[in-house]
Number of protein chains: 2
Amino acid sequence: MLSRSEENYLKAIFHLRIEKNSAVSTTELAEHLNTKPSSVTDMLQRLNSNKWVDYRKYRGVILSRNGEQAALKIIRKHRLWEVFLVEHLNFSWDEVHEVAEQLEHIQSEQLTSSLDQFLNFPKYDPHGDPIPDATLQLSRRTKKLLSNFKRKECGVCIGVKDSSADFLKVLDRLSISLGSEIQIIDIEEFDQSMRIAVDGQQKYISTKIASNLYLNPI
Amino acid sequence: MLSRSEENYLKAIFHLRIEKNSAVSTTELAEHLNTKPSSVTDMLQRLNSNKWVDYRKYRGVILSRNGEQAALKIIRKHRLWEVFLVEHLNFSWDEVHEVAEQLEHIQSEQLTSSLDQFLNFPKYDPHGDPIPDATLQLSRRTKKLLSNFKRKECGVCIGVKDSSADFLKVLDRLSISLGSEIQIIDIEEFDQSMRIAVDGQQKYISTKIASNLYLNPI
DNA sequence: ATCATTTTTTAGATTCATCTAAATTTATAT
DNA sequence: ATATAAATTTAGATGAATCTAAAAAATGAT
């Protein structure tokens, strides 16, 4: 069985791999996990010899089939718990992450599947990220950063790229949440900042905000 | 902060202390925690130097004020999660323990108090054990083993002494659950086995069963 | 009160996950 | 192409939590 630490490594590799689409480097992992490159090397050697990852000295690491399945199981639990916390325990979307980081390590198939059922088999978590189903399949839908939209275009908010508490609080202040309908009214040539309508209400937003918000184009 | 292992020691000391009402010995702890006496000694020395327990060489251990509060917090979480699992995720009362053993270590005041509220501030868990409230106070009520009842006496089932899955399954088979009204019809002189009525239905039960079932006398 | 038995502690080793410092390999810039 | 910088790995150490084996203390039976 995987230790908690091994689980965290697999999850980190999974996430970094998606962001970059190439093998994940020791340093990246170390930064992501708040640890030192030398510790990462140690762990990668262990994970490699147990066939959870494919790791080559100096060349980075990718998940094996088993490692990917393991990572998906953890992500499934993480996101299901996030839904539970937000929908039933009144957590706000910037408060869930830390607790879900702990809950994702609970080992019980029965718990995971009952929770899934209790929540009515949700497909997306409170940040709009897809929840792997019981067979570990992920739903996919077109998502485009708001910053890539043009004047007059429209979309529904379906997720965030940066899910830091700071950013999520900004969105709360702008009354932007999952499902909000957003239309681009104008884009400032000078700095690419945008004037948008959120469910009809006009707002000004910076490029940084626009480049962290995912919309599903209408 | 306490490690998971330290938390388990404090909880074990708390439980064993209640059963015995005297200082808890190294060997008892080792048995309860499935570990070796020498490991227990090590841990007790650490817990002692951090003031979680009062431990004297060769004399056993009791919890300090802090240690007791810490133990109660863990027990509170354990029992709240048991209620959640049974009432909302359809776990049976013999399935909850193992999962609750994991969930009790999740660190989040907000989670504990929201869960408490979500469950409507339950006072007892699915085995009838009292749940410490937010101030860590335990409800108390008279409970008497069924084996100590006399002919004709009556009571309501409020808990079990042995909460092993095996015993709980026996109770399920006898349709005895928390809240069941039980009357002693007859006691066999020879072996103290009992004929009882459970919510009106007559059943035969062994002394061993009777001495593991708590009733609140009517 | 003494000795055998039981319990407990100490000493020393092991594994996991981490660290720092040094060595090595790869990448980059001229 | 080579030197310098950056990234990575290795070597050796540490602390938590455990173990086994040996030593020490407490208990209990005569």
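Each chain gets a letter, A, B and so on, in the order the sequences are listed, and its residues count up from 1. Please read all numbers here as calculations on a predicted model, not as lab measurements.
A:L2 has its CG atom 13 Å from the P atom of C:dC16, to the nearest Å. Rounded to whole angstrom, the span from the CG atom of B:N8 across to the P atom of D:dT18 amounts to 9 Å. Nucleotide C:dT18 holds its P atom 12 Å from the CG atom of A:L29, rounded to whole Å. Distance CD (A:Q45) to P (C:dC16): 14 Å, rounded to an integer number of Å. Atom CD of B:E31 and atom P of C:dT6 are 14 Å apart (whole Å). Taking atom CG of A:L47 as the reference point, atom P of C:dT18 lies 11 Å away to the nearest angstrom. Regarding A:Y55, its OH atom lies at a distance of 10 Å from the C1' atom of D:dT10, rounded to whole Å. With rounding to whole Å, B:N34 atom CG is found 13 Å from D:dT18 atom C1'.
The side chain of A:Y9 lies closest to C:dT18, out of C:dT10, D:dT10, C:dT18. Nearest nucleotide to the side chain of A:R59, out of D:dT27, C:dT10, C:dA27: C:dA27. Considering only side-chain atoms of B:D42, the nucleotide from C:dT9, D:dT18, D:dT27 that sits closest is D:dT18.
Closest-nucleotide positions on DNA chain C for B:K57 and A:K36 were compared, and the one nearer the 5' end corresponds to B:K57. The residue among B:Y58 and A:M43 whose nearest nucleotide of DNA chain C lies closer to the 5′ end is B:Y58.
None of B:D125, B:D133, B:D116 except one satisfies the salt bridge (Lys or Arg N to Asp or Glu O under 4.0 Å) rule with B:R76; the exception is B:D116. Shown are A:V24, A:N66, A:V61; of these, the side-chain contact (heavy atoms from CB on, under 4.5 Å) with A:V53 is made only by A:V61.
Backbone-only contact: A:S5 has heavy atoms under 4.0 Å from sugar-phosphate atoms and none from a base. Across all strands, B:R4 comes closer than 4.0 Å to no nucleic acid atom at all (heavy-atom distances).
Less than 6.0 angstrom separates the ring centroid of A:H78 from the ring centroid of A:H97.
For D:dT9, one of the phosphate oxygens OP1 or OP2 lies less than 4.0 angstrom from a side-chain nitrogen or oxygen of A:T26. A close approach under 4.0 Å does not occur between any side-chain nitrogen or oxygen of B:T41 and OP1 or OP2 of C:dT10. Side-chain nitrogen and oxygen atoms of B:S39 include none within less than 4.0 Å of the OP1 or OP2 phosphate oxygen of D:dT18.
In this pair, A:H88 and A:F118 present their aromatic rings tilted. The plane angle is within the 30 to 60° band.
Looking at B:S38, its side chain comes within 3.5 Å of the base of D:dT20 through a donor and an acceptor atom.
Salt-bridge check for B:K20 with B:E28: passed, with a basic side-chain N closer than 4.0 Å to an acidic carboxylate O.
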